[in-house]
*Asks:* 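I'd like to ask some things about the structure below.
These numbers come from a predicted model, not from an experiment. The analysis underlying the following values was restricted to heavy atoms, covering all of them including side chains, and did not include hydrogens, waters or symmetry mates. Chain letters run A, B, ... following the sequence lines, proteins first, then strands; residues in each count from 1.
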Amino acid sequence: MNKKAESSFENAQTIIFFTVMMFAATILIFTFAFLLNSYQRGLTDLPGKFEAEMVSLRFANSPDCFAYQDAETKRIFPGIIDADKFNQQQLQVCYRTDGQSGKEALNFRLQLESSLKNSLKTNNYFNVDSFTIVKDVVVKTGAASGQDGFNAGSSKGKFSQDKLFIYVQDGLI
Amino acid sequence: MGKISLFQGKKGYSILLTIFELLVVIAIIVMVNVKASSYAKSDPIIQKKVAQDLALMIDALVGFPGNVLVEYPKDLSKYSFLAGSGKVTVFNSAQPGTRSESAFTLPDSYEVGGDVEHKARLCVRKTDRKIFLEACP
């Protein structure tokens, strides 16, 4: 091989070497950026269950949702669900997500153990349950009755122990 | 004598190169970890976490009947806050252009507001159906 051919062979080798190195360096930089980004997401991500627990506090505790509020004294009874309020209209008042971006937010389906046929859904709930939260509640129904087992009667209505099933859809996208 | 001969010749050169490569790899791993942990403590991450905390606090306060005043347990004098339109926004004046937002969902009858600038103590006050961000009294 003459000197000229040898030199162009070495040049070609150097070019290939640098091309491969540049390619590898680019991949390395992108990988690092991606790792840093996913690390950041991991640091700021909220566990869906925790967020759902916080948001779902309102269902049994807020009079703007289903909590029973005495009409005369205006006293609120957290943990006691007013059966008269437990309907779709009230849920729309209590928790309504945005029509556009609401699919990414938490959405809920609510059921009482005593009436499993009746289930309430928030406006962007599409039956994709991520997990379920169960809360022990007391349900107040309008009709008065005497004392029998768990049911205690009063002139203001009947109170009975129940379970509130909260099915959570933790973002569709 | 035997130990010195270990790093001599072609085989020795190869062992030395392997050790050097391992050291470089370890150094890179340590550097990445140091960089990542300093990044974790950096302002944008804290800013994002504060925004999430405040939005969650507002969500949780809806579930408390009655009036409530909660103080955020951290010095927030670096930041400014704006609450409204279903979200909390946190600004950092030291780094203009960086803002973190976090959304919350309230019942229809609720009202949220508040605009706090560079106060060390930040409070969230719930009065009846109004929730406001304000400097702590």
*Asks:* Are a donor atom and an acceptor atom from the side chains of A:Thr97 and A:Asn123 found within less than 3.5 Å of each other?
*Replies:*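 Looking only at side-chain atoms, A:Asn123 and A:Thr97 do form a donor-acceptor pair, the distance falling under 3.5 Å.
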*Asks:* Which of residues 75-86 of chain A have a heavy atom under 4.5 Å from any heavy atom of chain B?
*Replies:*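 Hits under 4.5 Å: A:Ile76, A:Pro78.
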*Asks:* If I measure from the heavy atoms of chain A, does B:Thr105 come under 4.5 Å with its side chain, its backbone, both, or neither?
*Replies:*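 Both parts, backbone and side chain.
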*Asks:* Taking the ring centre of each residue, are A:Phe108 and A:Tyr95 less than 6.0 Å apart?
*Replies:* yes
*Asks:* Just checking, is any N or O donor in the side chain of A:Ser114 or A:Asp162 under 3.5 Å from an acceptor N or O on the other one?
*Replies:* yes
*Asks:* Between A:Arg58 and B:Asp59, does at least one N-O distance fall below 4.0 Å, as a salt bridge requires?
*Replies:*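 B:Asp59 and A:Arg58: salt-bridged.
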*Asks:* Between the side chains of B:Arg129 and B:Tyr110, does any donor sit under 3.5 Å from an acceptor?
*Replies:* no
*Asks:* Give, as side chain, backbone, both or neither, the part of A:Gln92 having an atom under 4.5 angstrom from any heavy atom of chain B.
*Replies:* backbone
*Asks:* Who among B:Gly86, B:Pro65, B:Ala60 has the most heavy-atom pairs with chain A under 4.5 Å?
*Replies:*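 Result: the option with the highest number of such pairs is B:Pro65.
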*Asks:* Need one label for A:Phe32: side chain, backbone, both or neither, based on atoms under 4.5 Å from any heavy atom in chain B.
*Replies:* side chain
*Asks:* Are B:Leu56 and B:Ile46 connected in the hydrophobic side-chain network, where two residues link if heavy atoms are under 4.5 Å apart?
*Replies:*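 No.
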*Asks:* Are side-chain N/O atoms of B:Asn92 and B:Thr98 paired as donor and acceptor at under 3.5 Å?
*Replies:*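 Not at all, the side chains of B:Asn92 and B:Thr98 share no donor-acceptor pair under 3.5 Å.
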*Asks:* Between B:Glu101 and B:Arg99, does any NZ, NE, NH1 or NH2 come within less than 4.0 Å of an OD or OE carboxylate oxygen?
*Replies:*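 So B:Arg99 pairs with B:Glu101 through a salt bridge.
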